[in-house]
Amino acid sequence: MSDLAKEKASRLLKKQGSVSSLSSHEVRAKDVFGRSKDSMSTVSYMDQPGHHDDFSRPAVQMENTYQLGPTRRFPVVTVNNILKDVLTNYLQEEKYEAELCRQMTKTISEVIKARVKELMIPRYKIIVIIHIGQLNEQSMQIGSRCLWDPTSDTFSSYAFKNTSLFAHANVYAVYFE
């Protein structure tokens, strides 16, 4: 490979987010027909930690801890405060519109889940369910079922109401053995 071609390839790879290792790892290989071809080794920007999208890595096998119960309880009061804060901030001045509320349920549930996960409570699976509806003199009953261990599993709930809508948020914390 000529020096001009090496420089051009190097600039192109740098522009695409890759770093070329042409100088130390240039290899001459033969293809199936016996002709020689140039090949070069490159290190992609994607190989650095935190810069990968959807390529799979082998699963890491962890040793069993034989821990059958949580080391600390799920902080229900703290999660109640998170629910109250998020629902009040997002819905205080909102009027009920079906399409807006559909998007708000997704947004609010993601925000609540992220804030609860920031508490770094180990080995709990977090499930967030949000209901938003129009306040129009109607009633609504919500029910849920799951397998439950009353010694370690718990939930937190908060109901919000303004002049045109109501919202109900549930966070279920299920201990994962």
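All values below come from the heavy atoms of this structure, side chains included, with hydrogens, waters and symmetry mates left out.
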I want to check something: taking the side chain as every heavy atom from C-beta on, are Ile108 and Leu91 in contact at a cut-off of under 4.5 Å?
yes

Is any side-chain heavy atom of Ile82 less than 4.5 Å from a side-chain heavy atom of Arg115?
yes

Sequence-distant partners of Lys117, side-chain contact (heavy atoms from CB on, under 4.5 Å), two or more places apart
Lys113

Enumerate the residue pairs fulfilling salt bridge (charged side-chain N to carboxylate O under 4.0 Å, His left out) with a member in residues 87-112, sequence neighbours excluded, ordered by first and then second residue.
Glu99-Arg102

Where Pro75 and Leu119 come nearest, the two heavy atoms and their spacing:
CG-CD1, 4.1 Å

The criterion is side chain to side chain donor-acceptor pair (under 3.5 Å); which residues satisfy it with Arg123, sequence neighbours excluded?
Thr65, Gln67

Going by heavy atoms in the side chains, are Asp153 and Phe176 under 4.5 Å from each other?
no

When rounded to the nearest 0.5 Å, the distance separating CE of Met104 from CG of Leu87 is 9.5 Å

Tyr175: what forms a ring-ring contact (aromatic ring centres under 6.0 Å, His included) with it, not counting sequence neighbours?
Tyr124

With sequence neighbours left out, the residues meeting side-chain contact (heavy atoms from CB on, under 4.5 Å) with Asn89 are Asp85

Tyr158 to Leu83 - nearest heavy-atom pair and separation:
CB-CB, 3.8 Å

If I compare all heavy atoms of Asn170 with all of His168, which pair ends up nearest, and what's the gap?
OD1-CE1, 3.1 Å

Connected to Ile129, directly or through other members, by ILVMFWY side-chain contacts below 4.5 Å are Ile127, Trp148, Phe155, Tyr172, Val174

Holding to side chain to side chain donor-acceptor pair (under 3.5 Å), I want the full list of residues that pass it with Ser156, two or more places apart in sequence or in another chain.
Asn80

Not counting sequence neighbours, list each pair that qualifies as a salt bridge (charged side-chain N to carboxylate O under 4.0 Å, His left out) and has a residue in residues 128-151.
none

Which heavy-atom pair separates Ile130 from Ala169 by the least distance, and what is that distance?
CD1-CB, 3.5 Å

Residues which pass side-chain contact (heavy atoms from CB on, under 4.5 Å) with Asn81, listed by chain and number, not counting sequence neighbours:
Val77

Under 4.5 Å side-chain linkage, directly or through intermediates, the cluster mates of Ile142
Leu135, Met140, Phe166

For residues 87-115, the ring pair (Phe, Tyr, Trp, His ring centres under 6.0 Å) pairs (sequence neighbours left out) are none

Indicate the atoms forming the closest heavy-atom contact of Asn162 with Gln92, along with that distance.
ND2-O, 3.4 Å

